[in-house]
Amino acid sequence: MARRHWIGAAWLCLLALGLQELGIARGEPSAIIVFGDSTVDTGTNFYSPATPFNFQANRYPYGFKGFQGQATGRFTEGRVIIDFIAEYAGFPVVESYAKPDASLAQGANFGSGGAGALDDTNEGMVTPLSKQLENFADFCGNVSKERNLVEYEEFLSNAVYLISIGSNDYLSGYFSHPHLQQAFTPEQFVTLVVSNITKAIEVLHSKGARKIVMFGVGPLGCLPPLRIVNGSGGCHEPATALGQAHNYALGLAIQRLRQIHPDSIIVRAHFYDFFEERQNNFGAYGFKEPAQACCGAGPFHGRGHCGIESVDPELSYELCEEPSSHVWWDPYHPSERVHEQYAQALWRGNATVIEPVNLEQLFHSSSPSGRMENPGTPSFAFPEMI
Ligand SMILES: *[C@@H]1O[C@H](CO)[C@@H](O)[C@H](O)[C@H]1NC(C)=O
Ligand SMILES: *[C@@H]1O[C@H](CO)[C@@H](O)[C@H](O)[C@H]1NC(C)=O
Ligand SMILES: *[C@@H]1O[C@H](CO)[C@@H](O)[C@H](O)[C@H]1NC(C)=O
Ligand SMILES: *[C@@H]1O[C@H](CO)[C@@H](O)[C@H](O)[C@H]1NC(C)=O
């Protein structure tokens, strides 16, 4: 028995040497694993037939400027942030786990448009974070069948996990349900949401995740429908304040997680300032329209359903000529250009947008230190960052 172990260990050791000779450093990223909402969904709702139409992006004009020229379930006119990150990392498209023939060797996307950290958020219509984690457990089961234990653990610890969730808990949850506002103060509700995100990160860690990126939320009150609520065209301050409170509480939770898990790199991606800067100084980033969505109905195109005709002319959607000149694609979702600029900022940006390391460093670091192991040369050229 002991002899078999020794031989096994020696063999692994040789294998590791062999890999290093090939220039493949340990810590090389193995996969991109995604959880969250419409900011990252690459087809989960699309392939979940029971999803109601207002939580699907399965019709023109969704995706009409995208790499396939047709709707793919992404909530923009084209690609979403995960597509750009995968490209920069040299990975294939991260397909939804719900896609029947998905190729999942280098990643899986569990994100679902409309999802929240709380099960009650858009309940029964979307795949909540808790169910996304169950699906991830299934995925792990499949991954483990194809690998021995060492390979399995390395696959999970060298994967990069991205989580973008929270907005829907406030917009479709707290603000849409007076009973929640009666039952919880804003502070209590934020604590509920953030503690469930913390739980999710703990679940991932317990399964072997060591490189985790947690996204904050943006200025929620600047969504086109909330500008309508404001009445004078500005952002709806109470929603924005709740988003800020969320980001603050999330920051504290992440600090604690980092102390508890020094074996991991837990990265925080800030979205609030990045997005606000594009709303305020839109011209400097290539946008012409910061407030009105490209696709929608009514004031700021904050009403109706993009791509769905309505008998009520006030709810019949209009489509702008050039989505990339708009910050907002539809009433609830930023345009592809925002996704692309954010992906660029996360990939190579500084601590104002992502810390303690950026995505380029994270992908090339060997956990847990976050040090650059093998920066290499990027396999793509950035367009000039505007
Ligand atoms: C929080 O998440 C867990 C699973 O991670 C889930 O079981 C639980 O129901 C969630 N809590 C709420 C209030 O939604
Ligand atoms: C994962 O395994 C389950 C059974 O354990 C199977 O039904 C499913 O098709 C597998 N999924 C993939 C993508 O291999
Ligand atoms: C509405 O927007 C204006 C700016 O145009 C702002 O001063 C005001 O505080 C906002 N009101 C609310 C309730 O958010
Ligand atoms: C961080 O990046 C932003 C945006 O590119 C830039 O304005 C800022 O000066 C940078 N800060 C530092 C400390 O390098």
Side-chain angles (χ1 to χ4, degrees), residues 35-37 110 112 114-124 126-137 161 163 165-166 168-175 177 179-180 183-184 186 188-207 209 214 219-244 253 269-281 284-285 290-291 299-300 302 341-361 382 384-386:
F35 302 90
D37 54 24
F110 301 90
S112 160
L118 303 179
D119 292 344
D120 287 350
T121 299
N122 294 320
E123 190 182 4
V126 303
T127 310
L129 186 57
S130 59
K131 178 68 182 158
Q132 295 183 28
L133 291 169
E134 284 175 26
N135 292 341
F136 173 64
Y161 300 78
I163 312 169
I165 205 150
N168 293 307
D169 295 299
Y170 302 109
L171 296 174
S172 308
Y174 196 70
F175 278 112
H177 292 98
H179 75 270
L180 288 176
F184 301 100
Q188 286 169 336
F189 196 77
V190 165
T191 304
L192 203 59
V193 172
V194 170
S195 67
N196 239 21
I197 290 175
T198 308
K199 269 186 217 156
I201 293 176
E202 289 286 11
V203 168
L204 292 182
H205 183 272
S206 71
K207 292 213 171 290
M214 185 65 223
L220 299 178
C222 300
L223 269 74
L226 288 159
R227 283 190 192 265
I228 301 176
V229 174
N230 173 294
S232 70
C235 302
H236 184 54
E237 297 301 341
T240 296
L242 203 54
Q244 280 174 313
H270 302 269
F271 185 63
Y272 190 98
D273 290 348
F274 170 91
F275 193 78
E276 192 172 57
E277 167 70 6
R278 273 145 191 84
Q279 295 251 271
N280 295 343
N281 300 317
Y285 302 95
F300 304 105
Q341 290 184 2
Y342 192 44
Q344 290 178 3
L346 294 188
W347 187 258
R348 65 173 184 188
N350 63 34
T352 61
V353 68
I354 183 165
E355 35 88 13
V357 293
N358 64 29
L359 288 188
E360 183 175 32
Q361 291 164 328
F382 273 123
E384 202 34 52
M385 191 161 167
I386 47 168

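Keep in mind that what you see is a predicted model, and the values were worked out from it rather than measured. Both ligands and their constituent atoms are indexed starting at 1 by order of listing.
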Give every pair made of an N or O atom of ligand 3 and a protein N or O atom lying under 3.5 Å apart, one pair per line with both atom names and the distance to 0.1 Å, or write 'none'.
| from | atom 1 | to | atom 2 | distance (Å) |
| --- | --- | --- | --- | --- |
| ligand 3 | 2 (O) | N230 | OD1 | 3.2 |
| ligand 3 | 2 (O) | N230 | ND2 | 2.4 |
| ligand 3 | 11 (N) | N230 | ND2 | 2.9 |
| ligand 3 | 14 (O) | N230 | ND2 | 3.3 |
| ligand 3 | 14 (O) | C235 | O | 3.3 |
| ligand 3 | 14 (O) | E237 | N | 2.7 |

Is there any N or O on N196 that sits under 3.5 Å from an N or O of ligand 1?
yes
Taking every non-hydrogen atom, the tightest pair across S195 and L192:
OG-O, 3.1 Å
Check D119 against ligand 1 and report side chain, backbone, both or neither, counting heavy atoms closer than 4.0 Å.
both
Considering all heavy atoms, the nearest A115-P128 contact:
CB-CA, 4.2 Å
Side-chain donor or acceptor of S112 paired with backbone N/O of T127 under 3.5 Å
yes
Does the R278 side chain pair with the main chain of F274, one donor and one acceptor, at a distance under 3.5 Å?
yes
Of all the atoms in ligand 1, which lie at a distance below 4.0 Å from a heavy atom belonging to S130?
4 (C), 6 (C)
Closer than 4.0 Å to some heavy atom of L118 - which atoms of ligand 1 meet that?
12 (C), 13 (C), 14 (O)
What residues form a salt bridge (Lys or Arg N to Asp or Glu O under 4.0 Å) with K131, not counting sequence neighbours?
E134
Measure up the Y161 and F35 rings against each other and bin them: parallel (under 30°), tilted (30 to 60°), perpendicular (over 60°).
parallel
Would you find a donor on one side and an acceptor on the other, under 3.5 Å apart, between the side chain of H177 and the backbone of G173?
yes
Sub-4.5 Å side-chain heavy-atom contact between L242 and F175:
yes
